[in-house]
Protein chains: 2
Amino acid sequence: MPSTTRPYRGLSAEQRKAQRRARLLEAGLDLLGTAGCERATMTAICSRAKLTERYFYESFRSREQLLLAVVDQVADEVRSTVLAAVETAPDEPHARARVAISAFVDLLTADPRKGRAAIVESAAAETLRPRRHELLREFADLIVTQARSLYGTAAHAPPRDEINALLFVGGLAELLTAWLGNEIVATPADIIEAGTEQLAAALHR
Amino acid sequence: MPSTTRPYRGLSAEQRKAQRRARLLEAGLDLLGTAGCERATMTAICSRAKLTERYFYESFRSREQLLLAVVDQVADEVRSTVLAAVETAPDEPHARARVAISAFVDLLTADPRKGRAAIVESAAAETLRPRRHELLREFADLIVTQARSLYGTAAHAPPRDEINALLFVGGLAELLTAWLGNEIVATPADIIEAGTEQLAAALHR
DNA sequence: CACAAGTGACATGAGTCGCTGTCACATATG
DNA sequence: CATATGTGACAGCGACTCATGTCACTTGTG
């Protein structure tokens with residue numbers, strides 16, 4: 001543990017560390033999103049990142065912690081993307097719902113690794129499951145909030161709102177899972193369409 | 001491999017083999033439904049069933065095959081339970097939907113091991129995922145069929161029906177997952193209620 | 001240039017898991 | 001009772017993962 005640092009190949013110690021961390025995260029996303037959670041082992045991640053295990057422990061305590069960071073990274077991207085999309089959407093309920101759902105689905109299907117990491121594989125490991133739930137719940141909350149502000153009131157008394165939102169978002173997740181696993185004949189556009197309609201139907205009462 | 005068999009402890013060779021197989025399945029369900037897919041290892045299953053690995057290979061080729069059998073067993077139970085429930089239900093759409101959903105949710109929450117095995121852990125392993133999808137799809141098909149026969153026609157052109165059904169069933173699965181993981185404040189009754197309403201809303205157009 | 005810090009390839013040890021084999025004991029049958 | 005079969009406890013092997021350590025080589029600094 002050198003108390004004094006120094007540049008190397010034109011990069012400061014912090015830059016190098018950050019770069020290594022990024023490479024580990026990228027390798028982690030790659031493996032989690034293609035080989036799956038089970039095969040996203042520490043050895044495999046280091047090998048793909050072309051880094052020694054020592055550098056793994058420099059940035060992460062354990063394999064699970066890195067996977068958490070990977071999922072969190074995707075979740076952050078989902079959050080910012082969806083929020084940005086919603087803000088630029090017109091004030092019409094149907095259009096607004098479609099924009100939000102579209103941003104969600106598009107991001108996770110455009111790069112299937114991200115979709116698998118955030119939706120499929122995050123449901124596999126016990127450690128990741130809470131994050132997945134949080135991600136879905138966050139998106140659901142956004143939908144509910146939008147719906148309330150547009151329709152003017154809460155549709156149901158709690159916790160029915162939470163339940164309904166999760167019921168909807170879970171369905172979306174299932175469709176994404178099926179799409180990512182080639183288990184369904186549908187395009188992302190189909191999924192967006194179905195989701196938008198179902199949401200409208202659920203709110204229109 | 002004895003070509004000649006003989007009774008032991010009052011049981012024939014086939015009876016003993018079937019008994020061992022049942023014990024392995026029970027141990028598998030227990031581990032899959034509590035410890036999780038990752039910890040449902042062959043050694044652990046044999047240990048819990050109090051059988052040697054030799055007897056494992058007598059009935060199953062691999063760990064994954066046993067887990068498949070466990071999930072299939074639960075899926076079979078779901079199928080027969082739901083079908084039986086639907087047949088004894090009145091011919092009214094809303095009631096019929098409620099009965100089907102109720103049978104589904106009740107079975108998987110009454111014995112959380114079954115719920116976890118069929119819904120949660122079956123989404124974890126690559127090998128089990130197709131079975132989970134099949135189970136959900138089967139239930140979805142049942143819903144669609146019921147809806148068609150009761151409302152008289154297909155609501156949408158394919159594959160939109162399939163998409164909508166999966167969207168609904170996936171939501172149910174998500175709610176069950178959340179309930180099984182104590183991630184939601186809701187009773188099975190709440191889930192059934194929400195599911196029934198959403199289904200009605202989705203069909204009523 | 002000499003030397004310390006940074007890096008990468010590899011070795012080692014502990015712990016599991018899958019899988020096979022051995023051996024003693026239990027049980028049925030002639 | 002004697003023998004063959006059924007059973008259970010356990011040891012051993014190879015493979016893999018995690019975790020730590022060693023050593024040579026590269027790169028920057030005085």
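So that the names make sense, note that chain A is the first sequence line, chain B the second, and so on, each numbered from 1. From a predicted model like this one, the values you see are computed outputs, not experimental measurements.
A 6.0 Å sphere centred on CZ of B:Arg79 holds more than 12 heavy atoms belonging to other residues, nucleotides or ligands. B:Glu38 CD: 12 or fewer foreign heavy atoms inside a 6.0 Å radius.
The distance between atom NZ of A:Lys50 and atom C1' of C:dC10, rounded to the nearest whole Å, is 17 Å. Rounded to whole Å, the distance from CZ on A:Arg61 to P on D:dT20 is 13 Å. Going from atom CD of B:Glu14 over to atom P of D:dG6 covers 13 Å, rounded to whole Å. As rounded to whole Å, 16 Å separates atom C1' of C:dT7 from atom NZ of A:Lys17. Between the CZ atom of B:Phe56 and the P atom of D:dG8 there is a distance of 16 Å, rounded to whole Å. In this structure, A:Tyr55 places its OH atom 7 Å from C1' of C:dG8, rounding to the nearest Å. Here D:dA9 presents its P atom at 9 Å from CG of B:Leu51, a figure rounded to the nearest Å. Atoms CD (B:Gln15) and C1' (D:dG6) sit 15 Å apart, rounded to a whole Å.
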For nucleotides 23-30 of chain D, list the nitrogen or oxygen atoms of the protein found under 3.5 Å from its nitrogen or oxygen atoms, one pair per line.
residue: D:dT26; atom: O2; partner: A:Tyr8; partner atom: OH; Å: 3.0
residue: D:dT27; atom: O4'; partner: A:Tyr8; partner atom: OH; Å: 3.0
residue: D:dT27; atom: O2; partner: A:Arg6; partner atom: NH2; Å: 3.1
residue: D:dG28; atom: OP1; partner: A:Arg9; partner atom: N; Å: 2.9

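Checked by atom type and distance alone, the side chain of A:Arg129 pairs as donor or acceptor with a backbone atom of A:Ala124 at under 3.5 Å. Panel note: side chain A:Ser12, backbone A:Gln15; a donor-acceptor pair is recorded below 3.5 Å. B:Thr109 contributes a side-chain N or O that, together with a main-chain N or O of B:Val105, makes up a donor-acceptor pair within less than 3.5 Å. The backbone N or O of A:Ala44 lies less than 3.5 Å from no partner atom in the side chain of A:Thr41, so there is not a single donor-acceptor pair. Not a single donor-acceptor pair under 3.5 Å links the side chain of B:Arg63 to the backbone N or O of B:Met42.
B:Ile184 has its side chain out of reach of B:Ile191: every pair of non-hydrogen atoms, C-beta onward, lies at least 4.5 Å apart.
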**Request:** Decide yes or no on side-chain contact (heavy atoms from CB on, under 4.5 Å) for A:Phe168 and A:Asn164, but give the supporting numbers first.
**Result:** CA-CA 6 Å; A:Phe168 167 71; A:Asn164 283 327; over 6 Å; no
**Request:** Using a 4.0 Å cut-off on protein heavy atoms (strictly under), produce a 5'-to-3' string for nucleotides 12-18 of chain D with B for base contact, S for backbone-only sugar-phosphate contact, and - for none.
**Result:** -----SS
